[in-house]
Number of protein chains: 2
Amino acid sequence: MLTVKQLQHVVAIKKAGSIQAATELACISQSALTRSLMSLEDNLGVVLFERHKTGVIPTPFCNTIIEQCQQVLHGLDDIKHNADIYRKLEEGELKIGIGRAISGLVCQNILPIFVAAYPKVKLSIIEGTPEELTLRLQQREFDFIIAGFGSYANIEQIKVSRLKSIPLSIIVNNDHPVNKLETVTWQDLLPYSLIGATKLSLSNPLYQLFEKLTKASPSLPSVMCSDYQALKNIVLTSNAWLIAPAPIFEREIVDKELTEINLSVKEMAIDLSVIELSKRQRSPMAEKFISLCEEYFCRESETRN
Amino acid sequence: MLTVKQLQHVVAIKKAGSIQAATELACISQSALTRSLMSLEDNLGVVLFERHKTGVIPTPFCNTIIEQCQQVLHGLDDIKHNADIYRKLEEGELKIGIGRAISGLVCQNILPIFVAAYPKVKLSIIEGTPEELTLRLQQREFDFIIAGFGSYANIEQIKVSRLKSIPLSIIVNNDHPVNKLETVTWQDLLPYSLIGATKLSLSNPLYQLFEKLTKASPSLPSVMCSDYQALKNIVLTSNAWLIAPAPIFEREIVDKELTEINLSVKEMAIDLSVIELSKRQRSPMAEKFISLCEEYFCRESETRN
DNA sequence: CAGGGTTACGATATTCGTAATTATA
DNA sequence: TATAATTACGAATATCGTAACCCTG
């Protein structure tokens, strides 16, 4: 009979690299852990770890099933989570993963409103790359992710709610050489460094253009930093060009502190979306946060139209 | 702490409709089952079944999580299955689901070769509709399904290996009225009954044509039977027209016992495929059966080209 | 009162931690 | 000798089945 604990233990041992080290993760003594592992191996009839005096190393078979073990554990976790939701016990906490490119946009606009409305909620906002955020979502560390949809298109077992399409602007300093041209194309910008908050998603037309021009998988941008104030300073002191959500530097462009370049091609945009695990229900607080986002970005769209 | 047994028990109770009746499925006494359920409800903090004197009925919450429970149990089953594969303990048994339309084609050609090669293998071939087969595959009753891919296109968590595209023929008796026409179209056939082994898949062009003509979801064919000999007799004694894989009546057509009709539209075909659960490895015997199929249908294609 | 679920209780089985044991770098 | 896995053993815990009990159609 396979048991849940055995799966938890094998995952802990795999993660820790030794039975000794896994005792902390599993909150159990070494001897009990050893026995648990042995009974699992006995049940399966397959050895999962080679024992060495420096620790244990997983057998090839262990590597093939470890992900299945984790999925089973996650499934159990989801059941418990959904029960907690049903009892409304998770109202008071909210963990959100957020994409680098639109982090500031969401934090600066939504957070003040949310905190004003629900001051007692414990809120964690964690910024990261799509890979990091996806992993942590799958590890059930987040209630949901808010990010541009482009980089999440091929992930399984998620559901996506589109909030708003946010146009991306290309921004340079006022004295930039391309400003002297009548019409600017991508090719004119190629000699200069591209900077931005995050990697371009594969669906980005610019990514595909670079791929075609350089005949290789491009590793753009050359400076990647999610602090837009820092990026702005770089633009002001160099001829780098910056891709950023249009609202970020709206004021600077109106004030003519920075220049936005209009390219003669279709616009790029970030599909700002909520990304959730399909098997997990929203907690009441998540529901409120998301509807707040919907309300905010919807209202903003209306005032712009 | 959620346990595997609790999940098994709740699934058994849901299936049986009462705790009493579930004792057989769970191989446990009533009292133990009651306690197991109660401890699960206690762990989750949510009541899963309303107790009545005539049995128990699941609460709405129970219905929302019961599928997750089954998935967890299936996940565990897959781990065990994969371990068994690894130990090569499942060599001796093979359960195959097979689509109605191509059942004879596979059985008559592949089975003799397979049984000759592996006479000791216990082999079960179960014919069914796509719905039946899919359900039983997900219940882990089959090693895999062999069927036309069309009706399985929208199922999740399966992997598909295409074996061969098998053209479908339209067959009528030699004296059929449409034989007097120079060119035959779908419309000419509409007045007569369509018969065949299985429902047309949604991807079948004929299905879509009927849908357009009748302005309703068609329930074709009017006679559905997987015994092609019986269908042949119907064709011979009526003006019904038959859709069947071309190889089935190859001989009858060459012998001019039956007439094949060539329509002036693109051909229909069955994408003969192996359909498996994506999380389960092939057992050694499944591997051998499938490669036998690949070999057979590949060789056949070559001789035809 | 029959058919279901629940509770009581003693027996069994499992799992745990401490501590002794073994084996290598 | 220090580190890590295994084994031994008694204690604690969980689970089981039998049987008594409760309730309603």
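Here the structure is a predicted model, which means the values were calculated and not measured. Below, all heavy atoms of this structure are taken into account, side chains as well, without hydrogens, waters or symmetry copies. First the proteins, then the strands, lettered A, B, ... as listed; each starts at 1.
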Could [X] and [Y] be called an ion pair, given the rule that one side-chain N must be under 4.0 Å from one carboxylate O?
{"X": "A:Glu276", "Y": "A:Arg282", "result": "yes"}
{"X": "B:Arg140", "Y": "B:Asp78", "result": "yes"}
{"X": "A:Arg280", "Y": "A:Asp143", "result": "no"}

Between atom [atom1] in [X] and atom [atom2] in [N], what is the gap in whole Å?
{"X": "B:Glu24", "N": "D:dG17", "atom1": "CD", "atom2": "P", "value": "14 Å"}
{"X": "B:Ile13", "N": "C:dG5", "atom1": "CD1", "atom2": "P", "value": "8 Å"}
{"X": "B:Gln30", "N": "C:dT7", "atom1": "CD", "atom2": "P", "value": "15 Å"}
{"X": "A:Leu40", "N": "C:dT14", "atom1": "CG", "atom2": "C1'", "value": "16 Å"}
{"X": "B:Phe49", "N": "C:dG5", "atom1": "CZ", "atom2": "P", "value": "11 Å"}
{"X": "B:His9", "N": "C:dG5", "atom1": "NE2", "atom2": "P", "value": "14 Å"}
{"X": "B:Leu37", "N": "C:dG4", "atom1": "CG", "atom2": "C1'", "value": "14 Å"}
{"X": "B:Glu50", "N": "C:dG4", "atom1": "CD", "atom2": "P", "value": "18 Å"}

Exercise. Using a cut-off of less than 4.0 Å, is there contact between a side-chain N or O of B:Lys5 and OP1 or OP2 of D:dC16?
Worked result: yes
For this session: For D:dA4, take OP1 and OP2 only and decide whether either is under 4.0 Å from a side-chain N or O of A:Arg51.
Result: no
From [options], nucleotide with atom closest to [X] side chain:
{"X": "A:Ser31", "options": "C:dT6, C:dA19, C:dT15", "result": "C:dA19"}
{"X": "B:Ile19", "options": "C:dT7, C:dG5, D:dA4", "result": "C:dG5"}
{"X": "B:Ser29", "options": "C:dC16, D:dT15, D:dT18", "result": "D:dT18"}

For this session: Kindly say whether B:Leu48 contributes a backbone atom to a donor-acceptor pair with the side chain of B:Glu41 at under 3.5 angstrom?
Result: yes
For this session: Describe the nucleic acid contact of B:Ser18 in one word from base, sugar-phosphate, nothing, applying a heavy-atom distance below 4.0 Å.
Result: sugar-phosphate
For this session: For A:Gln6 and for A:Thr54, locate the closest nucleotide of DNA chain C by heavy-atom distance; then report the residue assigned to the nucleotide nearer the 5' terminus.
Result: A:Gln6
Exercise. At their closest point, which heavy atom of B:Ile125 faces which heavy atom of B:Cys107, and how far apart are they?
Worked result: CG2-SG, 3.9 Å
Exercise. Does any N or O donor sit under 3.5 Å from an N or O acceptor when you compare the side chain of B:Arg35 with the base of D:dG17?
Worked result: yes
